[in-house]
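Fair warning: this is a prediction, and the values are worked out from it, not measured in the lab.
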Amino acid sequence: MASRFENCLNTLQKQGRIDDAQKQEVLEAFRSWKAKGADDAQAGMEASAITLWRKQQSRAQAAEQILKAREVVDKAAQHPRGFGVGAHSFIIADKWGEAGHYALADVIGAYRGALHAKFVTGLDAYRSKVGGLKRDVPGIVSMIREHYGESTGDTTAAAAARAFREMNDFAADEFIAAGGAMAKRDNYFPNPRMRAERIQAEGKEAFSAYLHEGYDSGRLMLIDFATQEPASPMMAKQIIADVVDTLASGGLNKLTPGQFGGAKTGNRRIDPRVLHWQTADAWIDANRRWGAGDAGIWDMLNHHMGSLAHDIGMMKVLGPNPQGMVRVLADEAKKRLGLEDGKAWAQSINNAFDTVSGKLSTPVHEVIGILGGRLNVPGFASWNRQFGAIHTASKLLSSPISAIGDIITLSTASAWNGLPVTKMIGSYLKAFGPGGHMTRKDAIASGLEADFWLGRAHAAAKEMEGFGGWSFLERSADFLLRASA
């Protein structure tokens, strides 16, 4: 028999005041609270409170998106070379320098540099050295322990853990200020990046048993999305089953062929994280068995900062719903520029956004993941990535790490500001030399990007993960680039 609260929801739906999706969301939260032992009144109040908060966030984002759309369209229309160039300049820098605003690619890079500056202690201490073949792996593991409150006696690890917390707090503030919905989490640390190929190799049953054992022993806490509270034992079984299917397939179990889009950027971090490893030992063990291992922690943290910078930059330039903004620009181009020119500019705007946002790279991972599953070859994606790294390195040799990007821009900017071009280029080159350690560190602390630290051969691949691992072939590719420099 339905409760009074459920009958109330049915009435609201019939009156058109809520739709079916909203009804199901509130109902799911209500039932989750009931499963935790709450009475009807408390469960109804909690479920309604969560839904009301989400609705308020949605309204605030809608207002922010409307204002941002008006601003972007107006600025695009004011560009001296027309609306098409103006709209395109919001994605990729205006080559004529007449836009009067920063492009998406530049803003993402600026935020990546800002986050690197906050975490410069960790970047410097744990980056790869000696031609990419050496890294302080025990040190970065100590940093994990310091983050979880252990005292390791390693002052560098303690400083790095402190810097990482400050970086996360800064990123959360910027994300919210840009229009994103996020509940700030104290002492946040990203989960290990569970690898589908490892789960497939050991089997979904083994991974499921591992998560159940962690939950039963208290090493792992699971969060119920509906209540945003620790899950009940009954709900934990459902959550673990869903997590296993999702991670084992690389997310493909949630892929609906032909379905458009996904969660808008502003809501990407609205839900609480499901898995919470309660101790440093629990986190480290999970990462060693199912993730990238100790040697992959640095790359995982770099990926985390890159993801934050990407989302913040997207919202700063295009609002909480960047994909929606691109559709607005494309439609406005068609409307303002006529059938032929409008369609051409709309396509160009969409192509530029797909490239800068990283959307174009998604199908590659999906295809490789599907092939590995169909062929029943554990680790297929990993081997494909490793051979891709060694192949690319053999073709490009030292060019990705010896080439200096935008040297013309550097010299031109120096001349415009009355600075000696030769000295500026000399200083730039000095940072890459054996004695350039402090120069590089000062640059990062000033907010510049650590691309020469992060480019352990990353620049040679379209996909940074191609060189971001610590396998034999990936290290060989890294060494090949450096040895030929």
Side-chain angles (χ1 to χ4, degrees), residues 24-25 28-29 31-32 35-36 144 185 188-257 259 262-263 268-294 296-297 300 303-304 307 362 365-385 465 469:
Q24 292 302 321
E25 181 182 10
E28 184 179 346
R31 289 170 177 168
S32 291
K36 291 171 67 71
I144 305 293
R185 306 157 194 169
Y188 172 82
F189 200 81
N191 271 331
R193 297 179 66 194
M194 306 298 192
R195 293 192 168 182
E197 59 264 28
R198 289 200 172 186
I199 298 172
Q200 292 168 4
E202 290 204 38
K204 291 168 61 174
E205 296 78 10
F207 185 49
S208 176
Y210 184 87
L211 295 180
H212 275 289
E213 191 278 328
Y215 175 76
D216 293 340
S217 66
R219 295 186 301 113
L220 173 63
M221 181 174 69
L222 301 172
I223 296 296
D224 184 345
F225 272 169
T227 65
Q228 300 192 18
E229 295 286 333
S232 64
M234 182 180 298
M235 182 57 67
K237 292 181 180 179
Q238 180 179 332
I239 291 173
I240 289 175
D242 186 52
V243 166
V244 170
D245 285 341
T246 300
L247 294 180
S249 67
L252 296 180
N253 66 313
K254 296 184 179 296
L255 180 65
T256 302
Q259 181 175 323
R268 190 169 294 163
R269 302 171 191 273
I270 191 172
D271 286 318
R273 189 173 60 185
V274 175
L275 306 180
H276 289 258
W277 301 101
Q278 297 297 286
T279 66
D281 283 332
W283 192 101
I284 292 167
D285 185 70
N287 182 56
R288 285 173 177 170
R289 183 165 179 185
W290 307 105
D294 292 350
I297 296 174
M300 187 205 76
H303 179 275
H304 170 69
S307 174
T362 303
H365 288 290
E366 292 176 359
V367 170
I368 291 173
I370 291 171
L371 279 175
R374 293 287 184 271
L375 298 173
N376 195 26
V377 180
F380 180 81
S382 177
W383 277 102
N384 181 81
R385 182 173 64 245
E465 288 186 359

What are the two closest non-hydrogen atoms of [X] and [Y], and how far apart are they?
{"X": "Q278", "Y": "G218", "value": "CG-O, 3.4 Å"}
{"X": "G291", "Y": "R195", "value": "O-CD, 4.1 Å"}
{"X": "I240", "Y": "S208", "value": "CG2-OG, 4.0 Å"}
{"X": "P192", "Y": "W283", "value": "CD-NE1, 3.3 Å"}

With rounding to the nearest 0.5 angstrom, report the [atom1] to [atom2] distance, [X] to [Y].
{"X": "L247", "Y": "R198", "atom1": "CG", "atom2": "CZ", "answer": "14.0 Å"}
{"X": "N191", "Y": "M300", "atom1": "CG", "atom2": "CE", "answer": "8.5 Å"}
{"X": "T246", "Y": "I239", "atom1": "OG1", "atom2": "CD1", "answer": "11.5 Å"}
{"X": "L211", "Y": "K237", "atom1": "CG", "atom2": "NZ", "answer": "14.5 Å"}
{"X": "L275", "Y": "Y215", "atom1": "CG", "atom2": "OH", "answer": "12.5 Å"}
{"X": "I144", "Y": "D281", "atom1": "CD1", "atom2": "CG", "answer": "12.0 Å"}

[X]: what forms a salt bridge (Lys or Arg N to Asp or Glu O under 4.0 Å) with it, not counting sequence neighbours?
{"X": "D285", "value": "none"}
{"X": "K204", "value": "D245"}
{"X": "D216", "value": "none"}

Which residues pass the ring-ring contact (aromatic ring centres under 6.0 Å, His included) test with Y210, sequence neighbours left out?
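Residues passing ring-ring contact (aromatic ring centres under 6.0 Å, His included) with Y210: W290.
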Who pairs with Q238 by side chain to side chain contact (heavy atoms under 4.5 Å, CB included), at least two apart in sequence or on another chain?
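With neighbours one apart ignored, the set is M235.
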According to side chain to side chain donor-acceptor pair (under 3.5 Å), who are the partners of E202, at least two apart in sequence or on a separate chain?
R289
